[in-house]
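Structure, as structure tokens:
Letters A, B, ... are given to chains in the order of the sequence lines, protein chains preceding strands, and every chain is numbered from 1.
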Amino acid sequence: MNKKLIFIMVSFLWIAVAVGIVISKQHTIRTGRTVLLETVPVDPRDFLRGDYVILRYKISTVDLQQIQSEKSYYGRKEKVYVKLQPRERFWEVVAVKTKMPVSDSGLYIKAKAQYCYSKKLELNYGIESYFVPEGEGKDIEKNMRGSKSSIGVEILVDRLGNAIINKVFAR
Amino acid sequence: MIMLSVMISLFWWAVVIFIIVKLVSGGRKKHYSWLQRELPLWEEKNIINKEQGDTVLSLYKLKRVTAKKKMDMVKILTLIGVIFVGLGVIFFVGANWQRIPAHFRTGMLLAITISTLYAGYVFSYEKEGFINLGKNLLLLASLFWGATIALIGQIYNIPTSENWYILLLWAFPIVPIAILFKNDYVHVLASVLLVIWNFLYSSNNHIANYYYPIFIFLLMLPTAKDSILSRRISIIGLVSASLYCCFNQYEWLALLISAGLLVGYLAQKEERAYLYTASLSFIFWEITYFTVRPQEPNLYFLLPVGVMLYLTYKDNVEKNLVFCLASLLIGLNLALSSVSQLLGYPFNGLQFIIFQLLSGISIYSVGIVSRNRGYLFPVIYKIIGYLVTFICVYLLAFKVILTATIGLVGGANNVHLFGSLILAGLIALFVIDERRFGSFKSKSSRIELAALIAVLVGSFILLVSPYTVLLNVIAMNSVLVIFALSNIFLGVELKNPPVFTSGIVIFTLFIITRYVDLTWALKEKSLFFIVGGLVILFLGTFLEKQRRMIIERMK
């Protein structure tokens, strides 16, 4: 095989992969609706690993008895769509569905079930890591300690339910 | 709990056996490689001619080796330089990325990556005399590509639970460089990244990763024929993935990996690592099968063990016999454990150990037959058989252990009992048959036979009367003494210092056993250790002196 052709093909592949990820993420940023989420304290032993902060949200734990839910149990890694609604400043969970409803104009965010016990569902939204410049994670860490976290997170959610962190702020 | 203890004990055996055989065969290998290196030199100096050299090589079944090309200093320095620059850029991106606008820094890094790729291509194929530089630049471009992907992941806060995705996007796009540009450095990098990807994928998603072995078998291994390091990394990655299956109940994945490695061996027989790891993977599959279906006896394991044994004999791969025997022992034990669970028999430690002991004697007996009839590998059979038997006898010689085992017994396990009786019957038939053909005529054979009968009788006493601790302690300690004495006599008879020394070691172990049994019940444990330590020191010095004197006389 012609070596020059290989070089061109590989370059093309690399650019396509890099640009592809950027475009998909930018699409979420451009078209996404802004949602403010309340964080909850995380075990300080492992929420800051190197240069990123582990975030945990109030919406990460859902009481299935308090909201509308299609099922009473969700398997590990099961894909779900969580309906969010603003309540005062921050958004909260109102329903959990296994498919994205077509007719509903409400805001749905994609999530994966981590585990489900006593009708309590732990969810992962793919927005649990926030990268910070070296050493700057300490301030966020300080604000997330104690019984109540004073950190809020602004995220953007597109119409397919994909979410991306826009900024982290002190409440 | 029972299953765990069975698995741990089986693993422990396999590891002990492997290490000892490795140690035993390792010394010989060193001499062989020395001979392989020296022969060309003797031929060059006209001490021997080429035909004589070939005769010497064929005597030891060795192949002629060509001197390995030494890596020159420039190559090493440029490679280190490339890795340093790559790491520097990754750290720079990690530390300063927020000070530069997001799109600019991504574009900049991507431009540097593609430029480096281009430079690698130009120096490899367009300009003459810079092949090595070109090769290193292609590796650098592959490292930069990883930095680009990591940076994009950071900018968009891709969660760490999805690191497998980052690894995937790093590894797969560099595979064309490794294969189509035949760059072995990048091949090694891709192989390492794929191993990490596999584990991150499985652990984060909690599912078996079938893509990994398929990709490795179909693409990475066939293209790594000339890159030993890359091939070995992939093979280690596969066997680790197979081990991972044991803890996650991925039985089909374990089977796929084992079968794939076996096909790999059949396709490239000079790479023995394929056969060893295929055998090891089949062991992991046996364990995985048991964890998935604890109450379904697995007799299918006999098929892969049979194939492995056939290949071991056909291709004369001595070391693989260790894996085959471990596989056979583990498979047999797991099948019996399943039958026990199915029939509702409890785990009985004493009967379990006796069954292992008789398995050890059976393996040793195969060694005797192989020696007498001139079959392959008599020594390996004897070493493994002896080790398994000895460990069991030694454990059973402790009154403390026997009492504790009986304390744990919830009832008899007739599966192990009948298994043991069948094995004992077979061994007895073997002894009678071999005696009929006059195989035990020499003095050393008679000593061997005496030890065999002693173990058989000792085991039988324990089997028939498991609750008479005193009788059992006497029986097993007598067997231990017979073991020690037979090794001492055999050592003197054969003028073999290692066998003689092992007799002395067994005798010392016997003294320690008796000491522990007599004094363990004492409340004052410090006295136990102080007096014990002094006794061992005194005894050790005395026995060592005697041992040296006798070995000196042997010479």
Inset, instruction - Take A:Glu122 and A:Arg56 through the salt bridge (Lys or Arg N to Asp or Glu O under 4.0 Å) test and state the conclusion after the steps. - result: CA-CA 11 Å; A:Glu122 284 294 321; A:Arg56 214 178 127 67; 3.3 Å; yes

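- Listed by chain and number, the residues in a side chain to side chain donor-acceptor pair (under 3.5 Å) with A:Thr31 amount to none (sequence neighbours excluded).
- For B:Ile149, the part lying under 4.5 angstrom from a heavy atom of chain A is the side chain only.
- At a heavy-atom separation below 4.5 angstrom, chain A is approached by B:Asn204, B:Asn205, B:His206 within residues 196-208 of chain B.
- In this structure, B:Tyr121 has its ring center closer than 6.0 angstrom to the ring center of A:Phe7.
- With a 4.5 angstrom heavy-atom cutoff, B:Leu110 touches chain A only via side-chain atoms.
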Legend entry - B:Tyr118 and B:Leu137: CA distance, side-chain angles, deciding distance, side chain to side chain contact (heavy atoms under 4.5 Å, CB included) verdict: CA-CA 9 Å; B:Tyr118 180 68; B:Leu137 284 170; over 6 Å; no

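- Residue A:Lys77 touches chain B through its side chain alone, counting heavy-atom pairs closer than 4.5 Å.
- Looking at B:Ile114, both its backbone and its side chain come within 4.5 Å of chain A, counting heavy atoms on both sides.
- For a residue to count as touching a neighbouring chain, one of its non-hydrogen atoms must lie under 4.5 Å from one of that chain's; by this rule A:Asn124 touches chain B with the side chain only.
- Of the atoms belonging to A:Ile29, it is side-chain heavy atoms, and not backbone ones, that fall under 4.5 Å from chain B.
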Inset, instruction - Evaluate the criterion side chain to side chain contact (heavy atoms under 4.5 Å, CB included) for residue pair A:Phe90 and A:Lys58; output intermediate values, then yes/no. - result: CA-CA 10 Å; A:Phe90 294 104; A:Lys58 203 175 166 189; over 6 Å; no

Legend entry - CA sep, side-chain torsions, deciding dist, call: B:Arg231, B:Leu221, side chain to side chain contact (heavy atoms under 4.5 Å, CB included): CA-CA 6 Å; B:Arg231 194 167 65 229; B:Leu221 284 174; 3.7 Å; yes

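- Geometric assessment of A:Lys4 against the ring of B:Tyr125 yields a negative cation-pi assignment under the 6.0 Å and 45° thresholds.
- One distance of note links NZ of B:Lys182 with CG of B:Leu138; it measures 13.5 Å at 0.5 Å rounding.
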Legend entry - Pair A:Leu55-A:Val153, side chain to side chain contact (heavy atoms under 4.5 Å, CB included): steps then yes or no: CA-CA 9 Å; A:Leu55 297 170; A:Val153 178; 4.0 Å; yes

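- In terms of heavy-atom pairs under 4.5 angstrom with chain B, the leader among A:Ile164, A:Val22, A:Val17 is A:Val22.
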